[in-house]
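The first residue in the sequence is number 1, and the count goes up from there.
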Amino acid sequence: MKKFLLFSLLCLCGVGLAFAQGKAGAEAKVAEIKFDKLIHNFGTFSEADPLVKCSFTFTNVGTAPLIIHQAIASCGCTVPVYTKTPIKPGEKGNIDVTYNGTGKFPGHFKKSITIRCNGKKEMVRLFIEGDMTAKDTDKKEKAK
């Protein structure tokens with residue numbers, strides 16, 4: 001009886017090991033997101049015109065469709081809009097970002113947008129930054 005149990009256990013382990021090796025040998029299909037750039041600098045813009053926009057372009061360099069689950073900004077003044085449909089391998093998509101400096105203090109800012117997807121790397125962080133000048137500073141510059 002002991003020999004039968006030992007033999008059964010060895011057979012079961014052998015079949016499990018063979019099955020695991022077969023799966024490991026097959027290449028799994030995985031989506032992979034690759035951005036053209038991770039940081040966008042708006043440069044200097046005026047508080048009189050505080051709305052600035054940019055676009056981050058990405059490519060699915062993986063072998064499975066890429067799905068963006070969410071794009072979350074670090075602040076309510078930054079609004080990301082992203083491609084909602086699955087991106088096929090080799091295709092491109094966009095994440096459009098709008099920064100609204102209305103009511104914000106002039107000066108340098110840096111905000112992040114966290115992208116969550118089904119890709120090989122499940123989370124990617126994008127950054128926007130720039131310098132907003134005060135309205136009265138703009139008037140002084142024009143007077144010179």
Side-chain angles (χ1 to χ4, degrees), residues 5-144:
L5 285 174
L6 183 61
F7 179 75
S8 298
L9 184 61
L10 285 174
C11 286
L12 186 62
C13 288
V15 169
L17 186 60
F19 182 72
Q21 286 178 345
K23 275 205 153 206
E27 188 176 319
K29 291 193 172 201
V30 178
E32 189 173 350
I33 192 167
K34 183 177 182 204
F35 282 91
D36 292 349
K37 61 182 178 179
L38 297 176
I39 300 171
H40 179 82
N41 191 330
F42 290 111
T44 303
F45 61 95
S46 172
E47 185 180 16
D49 190 16
L51 206 64
V52 288
K53 299 178 181 189
C54 71
S55 186
F56 291 92
T57 303
F58 62 88
T59 307
N60 179 1
V61 295
T63 55
L66 175 73
I67 300 168
I68 296 180
H69 299 298
Q70 49 183 193
I72 304 169
S74 61
C75 168
C77 58
T78 305
V79 179
V81 177
Y82 57 94
T83 306
K84 305 271 195 285
T85 57
I87 308 298
K88 294 177 184 172
E91 290 187 354
K92 293 183 179 282
N94 288 316
I95 297 177
D96 299 316
V97 179
T98 303
Y99 173 78
N100 187 350
T102 304
K104 302 292 179 194
F105 289 108
H108 184 79
F109 68 90
K110 186 170 188 175
K111 306 293 178 183
S112 68
I113 300 95
T114 303
I115 310 301
R116 296 190 186 274
C117 66
N118 69 329
K120 187 175 183 179
K121 188 175 180 184
E122 295 176 358
M123 186 180 81
V124 179
R125 208 163 260 136
L126 306 172
F127 295 93
I128 58 169
E129 64 181 321
D131 289 293
M132 185 168 70
T133 58
K135 290 179 188 177
D136 47 336
T137 305
D138 298 334
K139 291 176 185 174
K140 290 177 188 175
E141 291 293 321
K142 289 180 182 177
K144 288 183 182 180

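Pairs of residues two or more places apart, or lying in two chains, never qualify as ring-ring contact (aromatic ring centres under 6.0 Å, His included) while including a residue from residues 114-135.
Looking at Val124 and Ile33, their side chains come closer than 4.5 Å, going by heavy atoms from C-beta outward. Proximity of Lys53 to Asp96: side-chain heavy atoms (C-beta onward) are nowhere separated by under 4.5 Å. With a 4.5 Å cut-off on side-chain heavy atoms, Asn118 and His69 count as touching. Side-chain contact check for Phe45 versus Met132: some heavy-atom pair is nearer than 4.5 Å.
Within the model, atoms SG of Cys77 and CG of Asn100 stand 7.5 Å from one another, a figure rounded to the nearest 0.5 Å. Lys121 NZ to Ile115 CD1: the interatomic distance, rounded to the nearest 0.5 Å, is 12.0 Å. Between the OG1 atom in Thr83 and the CD1 atom in Ile95 there is a gap of 7.0 Å [rounded to 0.5 Å]. How far CD of Glu32 is from SG of Cys117: 9.5 Å, rounded to the nearest 0.5 Å. A distance of 11.0 Å separates CG in Leu126 from OG in Ser74, rounded to the nearest 0.5 Å. In this structure, the separation between OG1 on Thr44 and CG on Asp131 is 5.0 Å, given to the nearest 0.5 Å.
Nearest heavy-atom pair, Lys104 versus Cys75, reported as atom, atom and distance to 0.1 Å: NZ-SG, 4.4 Å. Between Pro80 and Ala71, the closest heavy-atom pair is CG-O, 3.5 Å. Annotation for Phe58 and Asn94: closest pair CE2-N, 3.5 Å, computed over non-hydrogen atoms. The heavy-atom pair separating Thr102 from Pro50 by the smallest distance is OG1-CG, 3.3 Å. Scanning both residues, Met123 and Arg116, for their nearest heavy atoms gives SD-NH1, 3.7 Å. When all heavy atoms are compared, the tightest approach of Pro65 to Pro86 is CB-CB, 4.2 Å.
Counting heavy-atom neighbours within 6.0 Å of Glu122 CD, excluding the residue itself, gives a total of 12 or less. Around the NZ atom of Lys111, the shell of radius 6.0 Å holds more than 12 heavy atoms that belong to other residues, nucleotides or ligands. Counted within 6.0 Å of NZ on Lys37, heavy atoms from surrounding residues, nucleotides or ligands total more than 12; the atom is thus considered enclosed.
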*How far apart are the C-alpha atoms of Val97 and Val79, what are their side-chain angles, what is the distance that settles it, and do they pass the side-chain contact (heavy atoms from CB on, under 4.5 Å) test?*
CA-CA 6 Å; Val97 179; Val79 179; over 6 Å; no
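If you check the side chains of Thr59 and Lys92, you find a donor sitting under 3.5 Å from an acceptor.
With hydrogens and angles disregarded, a donor-acceptor distance shorter than 3.5 Å links the side chain of Thr63 to the backbone of Val30. Judged by distance alone, the side chain of His40 and the main-chain N or O of Glu129 form no donor-acceptor pair under 3.5 Å.
Ring pair Tyr99/Phe109 is parallel by interplanar angle, where below 30° counts as parallel and above 60° as perpendicular.
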